[in-house]
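All values reported here derive from a predicted model rather than from experimental measurement.
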Amino acid sequence: MKEKINSLLEVIEGLTANSKEDVENLRIKYLSKKGEITTLFNDFRSVPNEQKREIGQMLNQLREKAQNKINDLKEAFNQVQSSCDNEDLTRPGDPIALGTRHPLSIVKGQIIEIFSRLGFTVAEGPEVEDDWHVFEALNFPPEHPARDMQDTFFIEKMPDILLRTHTSSVQTRVMTEQKPPIRVLCPGRVYRNEAISYRAHCFFHQVEGLYIDENVSFADLKQALLYFAKEMFGEHTQIRLRPSYFPFTEPSAEMDISCHICGGKGCPFCKNTGWVEILGCGMVDPNVLESCGIDSKKYTGYAFGMGVERITNLKYRVKDLRMFSENDVRFLDQFKESF
Ligand code: DAH
């Protein structure tokens with residue numbers, strides 16, 4: 001009897017089935033009224049009393065193993081069945097969601113494209129810079145507020161190393177590394193120690209322009225900027241230049257464009273002035289040319305710098321600056337058709 005039970009145990013452990021019917025046949029073969037295991041239980045009556053306890057336990061174990069095995073096999077077929085029930089295998093695959101270009105990249109690309117028609121090429125520089133490239137060479141006096149901890153992120157323990165606060169630092173790099181004529185556009189990310197809100201962020205993007213050659217004049221600057229404004233905001237766009245101050249340009253100006261929302265008539269967007277500010281510009285200060293090793297008696301140049309977020313806001317009227325860095329696809333998806 002013991003041998004029979006042990007050999008049946010081995011057989012049960014190795015059971016396999018190819019279909020639900022196979023499983024049912026196995027159940028009948030071992031566990032039905034006339035099944036092999038049930039028959040053993042019937043034979044149990046003739047087991048001598050002193051062996052009943054041991055053999056009884058073995059039989060119970062065998063029956064339990066067989067039941068579990070058959071349940072497992074049954075379950076396996078049920079699962080295959082149900083996953084097939086839910087799938088339509090002839091269904092076409094889901095389309096792969098295509099990403100979109102970030103609105104700031106779209107606008108940056110447009111700015112570069114427009115100025116490239118005037119012969120500007122792209123130059124880039126590091127975001128982690130030194131004081132000389134960001135401030136010193138650009139004629140910032142030592143007490144200038146932009147050098148303050150309030151505005152600038154300094155790299156810890158290295159007071160001279162900081163995150164650039166404007167892309168004008170790339171001007172410095174280009175002027176020290178190249179000889180005029182120079183005609184570059186410097187796009188990039190800049191950092192300022194600002195509290196984050198809907199209208200300020202601790203990082204944003206700028207595009208800087210620099211043109212240096214013999215006889216470059218303010219009229220050249222104005223012409224290039226007027227061309228840019230019309231290409232970017234439409235044929236009827238007008239510009240105006242207001243005197244301003246930047247340490248690295250003399251004279252300096254800020255440029256407004258006629259409000260493209262109300263056409264200059266006055267609306268809440270332009271605070272009823274008809275104009276919106278878009279960039280800073282001016283003639284490169286001779287001190288800057290000299291600190292970068294360019295002869296200021298021979299060469300003159302103009303520079304301008306604009307915020308990419310600002311231009312993007314004007315084009316697409318994004319009201320909250322934080323949207324640009326949150327990567328919410330519901331926002332980003334809206335720029336699908338723009339390229
Ligand atoms: N660097 C200035 C800023 O971050 C922007 C700027 C103004 C750049 C005038 C220029 C310029 O090149 O000529 O606010």
Side-chain angles (χ1 to χ4, degrees), residues 99-113 115 122-138 140 144-174 184-210 232 244 246-248 254-255 276-281 303-335 338-339:
T100 56
R101 215 173 278 183
H102 193 281
L104 293 177
S105 300
I106 295 171
V107 170
K108 181 184 78 177
Q110 288 169 350
I111 298 169
I112 292 171
E113 201 275 318
F115 279 106
V122 170
E124 280 178 339
E127 293 179 10
V128 179
E129 262 292 8
D130 54 40
D131 181 273
W132 192 80
H133 285 91
V134 179
F135 298 124
E136 184 84 31
L138 291 168
F140 277 81
H144 194 282
R147 289 180 166 218
D148 201 300
M149 296 284 284
Q150 305 271 300
D151 289 309
T152 308
F153 286 115
F154 292 90
I155 304 292
E156 214 180 351
K157 298 204 188 81
M158 291 189 276
D160 238 23
I161 309 293
L162 42 93
L163 295 179
R164 66 182 180 195
T165 53
H166 55 180
T167 43
S168 305
S169 56
V170 188
Q171 278 192 30
T172 320
R173 292 206 165 257
V174 173
V184 288
L185 220 50
C186 321
R189 181 175 289 179
V190 300
Y191 300 83
R192 287 189 200 171
N193 195 355
E194 301 252 14
I196 297 171
S197 73
Y198 73 98
R199 59 196 184 101
H201 212 293
C202 58
F203 66 81
F204 53 99
H205 301 80
Q206 291 185 331
V207 176
E208 185 86 10
L210 176 71
M232 193 73 184
S244 184
F246 299 103
F248 38 91
E254 272 166 317
M255 186 175 100
V276 283
E277 185 196 318
I278 66 161
L279 55 81
C281 60
F304 56 86
M306 64 185 99
V308 183
E309 278 80 354
R310 175 104 187 117
I311 306 287
T312 310
N313 284 349
L314 290 174
K315 279 211 91 164
Y316 298 111
R317 311 207 30 206
V318 177
K319 293 211 179 82
D320 189 333
L321 260 185
R322 290 169 292 197
M323 310 274 278
F324 290 125
S325 49
E326 277 170 358
N327 277 341
D328 185 333
V329 284
R330 290 168 300 179
F331 170 68
L332 298 174
D333 265 354
Q334 297 176 48
F335 297 88
S338 302
F339 67 104

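Every ring-ring contact (aromatic ring centres under 6.0 Å, His included) that F203 has, sequence neighbours left out, goes to H201.
Looking only at distances, no side-chain donor or acceptor of H205 sits under 3.5 Å from a matching main-chain atom of L104. Counting only distance, with no hydrogens or angles, the side chain of R310 and the backbone of L279 share no donor-acceptor pair below 3.5 Å. Looking at R164, its side chain does come within 3.5 Å of a backbone N or O of P126 through a donor-acceptor pair. With T100 contributing its side chain and L332 its backbone, the two residues share a donor-acceptor pair below 3.5 Å. With Q171 contributing its side chain and T167 its backbone, the two residues share no donor-acceptor pair below 3.5 Å. Formation of a donor-acceptor pair under 3.5 Å by the R192 side chain with backbone atoms of T165 is found in this model. No donor-acceptor distance shorter than 3.5 angstrom exists from the side chain of T152 to the backbone of F154, with no hydrogens or angles considered.
You'll find the side chain of R101 stays beyond 4.5 Å of the side chain of F335, heavy atoms only. The side-chain heavy atoms of V170 and E124, taken from C-beta on, include no pair separated by under 4.5 Å. Residues F135 and P247 form no side-chain contact, since every pair of their non-hydrogen atoms from C-beta on lies 4.5 Å or further apart. Between W132 and T172 the shortest side-chain heavy-atom distance falls below 4.5 Å. Residues I278 and F304 form no side-chain contact, since every pair of their non-hydrogen atoms from C-beta on lies 4.5 Å or further apart. Side-chain contact between Y191 and E127: present, with at least one pair of heavy atoms (C-beta onward) separated by less than 4.5 Å. Contact check for F331 versus E326: no side-chain heavy atoms found under the 4.5 Å cut-off. Side-chain contact between F204 and V308: absent, with no pair of heavy atoms (C-beta onward) separated by less than 4.5 Å.
Interatomic distance, SG of C202 versus CD1 of I196, reported as 4.0 Å (0.5 Å rounding). Rounded to the nearest 0.5 Å, atoms CG (L321) and CD (E194) are 10.0 Å apart. Atoms OG and CD, on S244 and E277 in that order, are 7.5 Å from each other to the nearest 0.5 Å. A distance of 8.5 Å separates CD in E254 from SG in C281, rounded to the nearest 0.5 Å. Rounding to the nearest 0.5 angstrom, the gap separating the NZ atom in K108 from the NE2 atom in H102 is 11.0 Å.
Heavy atoms only, all atoms of each residue included: G305 and E208 are closest at CA-OE1, 3.9 Å. When all heavy atoms are compared, the tightest approach of G209 to L185 is CA-CD1, 4.0 Å. For the pair S169 and V134, the tightest heavy-atom approach, listed with the atom from each and the gap, is CB-CG2, 3.9 Å. Across all their heavy atoms, P187 and I112 have their closest contact at CG-CD1, 4.0 Å. Counting all heavy atoms, side chain and backbone alike, D320 lies closest to S197 at OD1-O, 4.3 Å.
Around CZ of R199, the count of heavy atoms belonging to other residues, nucleotides or ligands within 6.0 Å does not exceed 12.
Taking the six-membered ring for Trp and the full ring otherwise, the centers of F246 and F140 sit at least 6.0 Å from each other.
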Would you check, one step at a time, whether the test side chain to side chain contact (heavy atoms under 4.5 Å, CB included) holds for R317 with N313? CA-CA 4 Å; R317 311 207 30 206; N313 284 349; over 6 Å; no
Check the pair V122, C186 against side chain to side chain contact (heavy atoms under 4.5 Å, CB included), reporting the backbone distance first and the verdict last. CA-CA 6 Å; V122 170; C186 321; over 6 Å; no
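Between F248 and H166, the two ring planes are perpendicular [angle over 60°; tilted spans 30° to 60°].
Between E129 and R173, at least one side-chain nitrogen of the basic residue sits less than 4.0 Å from a carboxylate oxygen of the acidic one, meeting the salt-bridge criterion.
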